[in-house]
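Some notes on the structure that comes next.
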2 protein chains.
Amino acid sequence: MKTKDKILQEALKQFNERGTDAVSIRSIGDAVGISAGNLAYHFKNTDAIIYQLYLNLAEALNQQVAKTQDLEMTLHNLAKRTKETFQILFIYRFLLIDFVHINRRVEGLQKHFLSLMDMRKMQFRFLFELFQQKGLFRKDITNEQYAELSDIIILYSNAWVSDGIVRFKGTNEALISHYARLFFMMTLPYLSAEGKGAFEEVLENWESM
Amino acid sequence: MKTKDKILQEALKQFNERGTDAVSIRSIGDAVGISAGNLAYHFKNTDAIIYQLYLNLAEALNQQVAKTQDLEMTLHNLAKRTKETFQILFIYRFLLIDFVHINRRVEGLQKHFLSLMDMRKMQFRFLFELFQQKGLFRKDITNEQYAELSDIIILYSNAWVSDGIVRFKGTNEALISHYARLFFMMTLPYLSAEGKGAFEEVLENWESM
DNA sequence: CATTAATTAGAACAAATGTACTAAATTTTG
DNA sequence: CAAAATTTAGTACATTTGTTCTAATTAATG
């Protein structure tokens with residue numbers, strides 16, 4: 001593996017374990033087995049590493065969206081993609097844990113992040129409309145309510161990792177599965193009778209999916 | 001004001017503005033106008049300050065709960081208390097922003113925090129049951145669903161500040177009001193037809209409340 | 001092979017931080 | 001008022017961190 005990739009891998013590990021502020025170019029260099037001087041050659045400072053890791057996450061999420069658009073959007077497929085997306089987010093969890101702090105300190109990231117959020121919000125709105133047309137979502141829910149649901153869903157998808165790390169007892173796999181499931185269940189009271197049927201089928205096979 | 005209180009006030013300000021890691025006993029001392037040595041006499045280090053501020057928040061929240069139990073729990077009163085609670089949380093917002101990080105670094109805090117969360121969860125469950133008995137909440141919602149709603153509500157009440165700081169455009173007052181309202185609206189799809197009537201009345205007078 | 005470019009190690013420096021200690025000043029108490 | 005306790009300023013020290021620079025080594029290229 002190239003030095004640059006080794007650095008990114010080790011940095012990701014340390015960021016996730018100890019938070020961005022407790023990690024230095026020296027702590028990463030020591031673990032990788034290279035000098036701090038060499039590390040500074042590849043990345044000027046830890047902010048540059050954070051920025052690169054953020055770009056990697058954004059790219060992984062984009063690929064996930066592209067995947068989604070290829071498939072016919074059944075509830076079952078949506079559940080699968082949700083689980084995958086949650087796994088990706090967990091890999092880069094320090095970005096969600098140090099959310100506000102990173103936005104404050106890494107220049108140029110906030111703007112990019114906000115547009116990523118807007119994009120995801122639009123995707124959710126699209127999905128809600130689709131499922132409403134298919135008769136899976138209730139017809140008596142107003143547009144305003146769907147807008148608010150997607151806001152809450154965005155908030156949830158940024159916050160579940162932090163909540164899980166502090167409150168959840170169990171393995172990482174169990175954590176991811178639990179919060180992906182909870183995410184899915186947030187839409188339950190918005191479903192029509194027909195939607196609930198399909199929904200329960202998905203939930204029954206949740207673990208094996 | 002006593003030195004100790006001055007320190008706490010200034011520390012709270014700096015924590016909220018810059019995050020816990022960017023604040024030192026010297027930066028606080030300089031702002032208050034006392035020496036670092038003196039500050040170390042009152043609080044051994046920044047962790048001790050964080051811990052004290054956390055206790056202050058927990059105490060303020062407990063008082064809020066006591067207040068709630070005095071009143072007849074109408075939807076209108078609940079909305080008022082919700083707004084107040086959100087204001088309190090915003091005052092101590094660094095604790096929610098640096099959530100995971102503080103739990104990692106300040107010893108003895110995680111346990112206390114977890115029991116606080118459990119307590120709040122039980123309060124929500126109690127409220128849901130009460131409103132269900134009053135016919136404001138839907139009867140066809142299962143116990144499991146109410147358990148999950150309270151989990152999501154706990155998550156939301158820990159995460160809205162971070163979301164708001166990054167994504168919301170507007171004054172702090174508008175931010176608090178917006179997220180308290182969104183919090184309230186999360187329960188909307190769980191309401192009965194009767195509940196919705198009372199609910200909309202509350203929402204109409206939201207700003208003036 | 002020779003030269004150029006890329007990579008790496010290592011050292012040096014200033015700034016900031018937690019921590020510990022001393023001595024002076026102030027307040028409280030008897 | 002005198003003694004004791006509390007509060008305060010100031011200093012010193014070891015660590016850590018970002019940053020910058022130099023020189024050596026390795027890889028790439030013509």
Side-chain angles (χ1 to χ4, degrees), chain A residues 1-56 94-95 97-98 100-109, chain B residues 1-56 94-95 97-98 100-109:
Chain A
M1 196 174 5
K2 284 191 172 177
T3 306
K4 210 157 190 161
D5 293 326
K6 279 191 213 165
I7 293 169
L8 286 173
Q9 192 187 41
E10 177 63 27
L12 179 57
K13 190 182 162 214
Q14 293 196 12
F15 286 148
N16 283 338
E17 282 171 2
R18 299 188 288 156
T20 49
D21 279 322
V23 177
S24 65
I25 53 173
R26 280 183 181 84
S27 72
I28 299 169
D30 287 350
V32 176
I34 63 173
S35 67
N38 185 14
L39 206 151
Y41 168 77
H42 289 286
F43 297 97
K44 201 186 165 192
N45 48 36
T46 44
D47 281 10
I49 303 179
I50 293 171
Y51 194 73
Q52 183 58 53
L53 287 171
Y54 168 78
L55 291 180
N56 290 1
F94 80 96
L95 287 166
I97 294 169
D98 287 350
V100 175
H101 199 49
I102 292 172
N103 267 288
R104 274 182 189 149
R105 86 179 237 202
V106 183
E107 208 174 341
L109 200 146
Chain B
M1 194 173 8
K2 282 192 173 177
T3 307
K4 209 157 190 162
D5 293 326
K6 280 192 211 164
I7 293 169
L8 287 173
Q9 192 186 42
E10 176 64 27
L12 179 58
K13 191 182 162 216
Q14 292 196 13
F15 285 149
N16 283 339
E17 282 171 2
R18 300 188 287 156
T20 48
D21 279 321
V23 176
S24 64
I25 53 174
R26 280 182 181 84
S27 73
I28 299 168
D30 287 349
V32 175
I34 63 173
S35 68
N38 186 13
L39 207 150
Y41 167 78
H42 290 286
F43 297 97
K44 200 185 167 192
N45 49 35
T46 44
D47 281 10
I49 303 180
I50 294 171
Y51 194 74
Q52 182 59 53
L53 286 171
Y54 167 77
L55 291 179
N56 290 0
F94 81 96
L95 286 167
I97 294 169
D98 287 349
V100 175
H101 198 49
I102 293 172
N103 268 288
R104 275 182 188 148
R105 88 178 235 202
V106 183
E107 208 174 341
L109 201 146

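Throughout, protein chains are lettered first and strands after them, A, B, ... in sequence-line order, and every chain is numbered starting at 1. Quick note: numbers below take in every heavy atom, side chains included, and nothing from hydrogens, waters or symmetry partners.
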>> Counting only side-chain nitrogens and oxygens, does A/S24 get under 4.0 Å of the OP1 or OP2 atom of D/dT16?
In response: no
> Is A/N38 near enough to C/dA9 that one of its side-chain N or O atoms lies under 4.0 angstrom from OP1 or OP2?
Replying inline: yes
> Between B/Q9 and B/D5, does any side-chain donor sit less than 3.5 Å from a side-chain acceptor?
Replying inline: no
> In whole Å, what is the span from the CZ atom of B/F43 to the P atom of C/dG18?
Replying inline: 15 Å
> Just by distance, do the side chain of A/N38 and the backbone of A/Y41 share a donor-acceptor pair under 3.5 Å?
Replying inline: no
> What distance do B/I49 atom CD1 and B/F43 atom CZ have between them, rounded to the nearest 0.5 Å?
Replying inline: 5.5 Å
>> Between A/H42 and C/dT8, is there a contact of a side-chain N or O with OP1 or OP2 at under 4.0 Å?
In response: yes
> Would you say the side-chain atoms of A/Q14 pair up with the backbone N or O of A/S27, donor to acceptor, closer than 3.5 Å?
Replying inline: yes
>> What is the distance, to the nearest angstrom, from the CG atom on B/L39 to the P atom on D/dT11?
In response: 17 Å
> Between D/dT19 atom P and A/I49 atom CD1, what is the distance in whole Å?
Replying inline: 12 Å
>> If you only use heavy atoms from C-beta on, which nucleotide in C/dG18, C/dA20, C/dA9 is closest to the side chain of B/K44?
In response: C/dA20
> From D/dT8, D/dA12, D/dT19, pick the nucleotide closest to the side chain of A/R26?
Replying inline: D/dT19
>> What is the separation between atom CD1 on B/I28 and atom C1' on C/dA16, rounded to the nearest whole Å?
In response: 14 Å
> Hey, does the side chain of B/D21 reach the backbone of A/D21 with a donor-acceptor pair shorter than 3.5 angstrom?
Replying inline: no
>> If I take atom NZ in residue A/K4 and atom C1' in nucleotide D/dA27, what distance separates them, rounded to the nearest angstrom?
In response: 16 Å
> Toward the 5' end of DNA chain D, which comes first, A/A40 or A/A22, by nearest nucleotide?
Replying inline: A/A22
>> Between C1' on C/dG18 and CG on B/D21, what's the gap in Å once rounded to a whole number?
In response: 14 Å
> Which nucleotide, C/dG18, D/dG18, C/dT8, lies nearest any side-chain atom of A/I25?
Replying inline: D/dG18
> How close or far is atom P of C/dG18 from atom CG of B/D30, stated in whole angstroms?
Replying inline: 12 Å
>> Distance check needed: C/dA11 C1' versus A/I34 CD1, whole Å only.
In response: 17 Å
>> Looking at D/dT8, I'd like to know if its phosphate oxygens (OP1 or OP2) sit under 4.0 Å from a side-chain N or O belonging to B/Y41.
In response: no
>> Check this one for me: any side-chain N or O of A/T3 less than 4.0 Å away from OP1 or OP2 of C/dT7?
In response: no
